[in-house]
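So the structure is just underneath, and the comments pick up after that.
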Amino acid sequence: MSSLTLRSVTVRLGGRAVLDSVDLDVAERETVCVLGPSGSGKSTLLRSVAGLQEISTGEITLGGRDLAGVPVHRRGVGLMFQDHQLFPQRDVGRNVAFGLRMRGAGRAEAERRVAELLAMVGLPDAQRRAVGSLSGGEQQRVALARALAPSPALLMLDEPLGQLDRSLRERLVVELRQLFHQLGTTVLAVTHDQGEAFALADRVLVMRDGRIAQSGTPPEVWQRPASAFVARFLGFDNVVPATVTGRSAKTPWGTLPVPDGTPPGPATLLVRPAGVRLGPDDHAADDHAADDHAADVGDVLRCRVLARTFRGDHVVLALRPDRGPDLEATVPLRGAPSPGEKVTVSFDAAEIVRLPPED
Ligand SMILES: Nc1ncnc2c1ncn2[C@@H]1O[C@H](COP(=O)(O)OP(=O)(O)OP(=O)(O)O)[C@@H](O)[C@H]1O
């Protein structure tokens with residue numbers, strides 16, 4: 001059953017559609033993370049569901065109830081937004097109790113619930129601490145406890161871990177995922193950080209110009225971006241126009257192999273960096289010889305190494321090919337070539353994804 005539904009939701013601001021006829025279903029207990037470039041409408045989507053932004057047309061329901069005309073505090077949503085900071089003059093306990101007291105909970109009930117929530121977010125017995133004495137990560141936990149306190153039907157997070165350093169974010173995101181699953185909370189979150197979204201979400205939405213460009217599980221979106229836009233947004237740079245015939249494709253880099261069953265015709269190809277295979281600079285591997293085996297191995301392409309970047313256990317190489325746009329390759333640390341060296345590359349069909357032609 002869907003907890004949250006949006007039907008043809010449009011928000012017009014300053015003469016343009018900032019949300020453009022958006023349809024979305026978030027299932028009960030599902031965590032959905034919204035990604036997209038700056039200005040694509042992510043915050044407007046959240047604010048519309050929260051009731052902080054009036055929608056121009058369309059319908060939003062939560063648990064089957066139409067939210068039109070329902071004020072923010074009656075929508076049954078918990079908000080953890082950047083502009084909803086903690087009250088610095090109140091202690092931790094009174095911050096967490098805020099929503100409970102607003103809803104008329106008695107003192108004893110509120111105290112019990114606050115203790116339970118603080119224990120849940122890993123800050124047991126922090127009730128009397130001053131907000132100013134907490135670290136950034138601890139403050140985020142208090143904000144989360146405050147948002148969860150009234151047991152909202154939907155929890156909405158806007159850049160929940162935005163202010164924190166990377167290692168703390170990576171740890172907290174794992175804890176958050178566990179906590180949401182344990183509580184059975186339905187979550188809609190916006191984040192700029194792809195790693196965070198992919199680690200937290202059951203499903204990822206990628207937005208573009210007020211529309212949903214792709215919706216899918218993290219592996220689906222990662223393995224099969226729906227378009228060149230999504231591929232580039234995810235940081236894949238090896239994206240070129242192509243014409244597919246049988247098991248190969250003509251591209252600006254020459255003929256590349258494609259997986260069996262790839263539909264023929266005009267397309268865009270995404271070559272994952274791991275699918276760019278390096279060999280030594282081999283003058284015998286000329287284009288002509290490679291053409292004979294194009295269907296199996298594709299052309300061999302000569303390249304110069306422009307730059308190499310160490311990334312933990314592998315190296316990312318920027319390559320300048322003899323023809324076509326620059327290429328990115330990932331190779332093991334050991335034996336990675338240096339800038340200025342010449343290499344040949346071939347392509348692994350298993351790491352090549354056909355995308356629709358670009359508009
Ligand atoms: N009150 C307004 N009047 C006119 N345009 C607005 C208004 N509020 C927002 N916009 C525009 O709507 C677009 C979407 O804004 P929104 O904040 O939803 O994007 P976003 O994807 O959350 O961006 P960011 O990642 O930068 O936070 C932007 O181009 C923004 O300039």
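What's counted below: heavy atoms across the whole structure, side chains too, no hydrogens, waters or symmetry copies. All ligand and atom numbering here is 1-based and tracks the order in the structure.
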Any side-chain donor paired with an acceptor under 3.5 Å for Thr61 and Arg7?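 No.
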Counting only heavy atoms, which portion of Arg16 has something under 4.0 Å from ligand 1: side chain, backbone, both, or neither? side chain
Could you tell me if Arg47 sits above the aromatic ring of Phe81, with its cationic atom closer than 6.0 Å to the ring centre and no more than 45 degrees from the axis?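 The answer is no; the distance or angle limit is not met.
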Residue and atom name of the nearest protein heavy atom (relative to [atom]), distance in Å to one decimal:
atom: atom 17 (O) of ligand 1; result: Ser43 CB, 3.6 Å
atom: atom 23 (O) of ligand 1; result: Gly39 N, 2.8 Å
atom: atom 25 (O) of ligand 1; result: Lys42 NZ, 2.7 Å
atom: atom 26 (O) of ligand 1; result: Ser38 OG, 2.6 Å
atom: atom 16 (P) of ligand 1; result: Thr44 OG1, 3.5 Å

Residue of the set Glu159, Glu196, Glu175 for which salt bridge (charged side-chain N to carboxylate O under 4.0 Å, His left out) holds with Arg169: Glu196
So which of Asp209, Thr191, Val18, Val11 gets nearest to atom 12 (O) of ligand 1, if we judge by its closest heavy atom? Val18
Ligand 1 atoms in contact with Pro37 (distance to a heavy atom under 4.0 Å): 21 (O)
Would Ser40 count as a contact residue for ligand 1, given that I'm defining contact as a non-hydrogen atom of the residue lying under 4.0 Å from a ligand atom? yes
Assess His192 for proximity to ligand 1: is some non-hydrogen atom of it under 4.0 Å away?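 Per 4.0 Å heavy-atom rule, His192 contacts ligand 1.
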How are the rings of Trp253 and Phe347 set to each other: parallel, tilted or perpendicular (split at 30° and 60°)? parallel
Considering both backbone and side-chain atoms of Leu13, is one of its nitrogen or oxygen atoms within less than 3.5 Å of a nitrogen or oxygen in ligand 1?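 No.
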First locate atom CG of Leu117, then atom CE of Met120, and finally report the distance between them rounded to the nearest 0.5 Å.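 Leu117 CG to Met120 CE: 4.5 Å, rounded to 0.5 Å.
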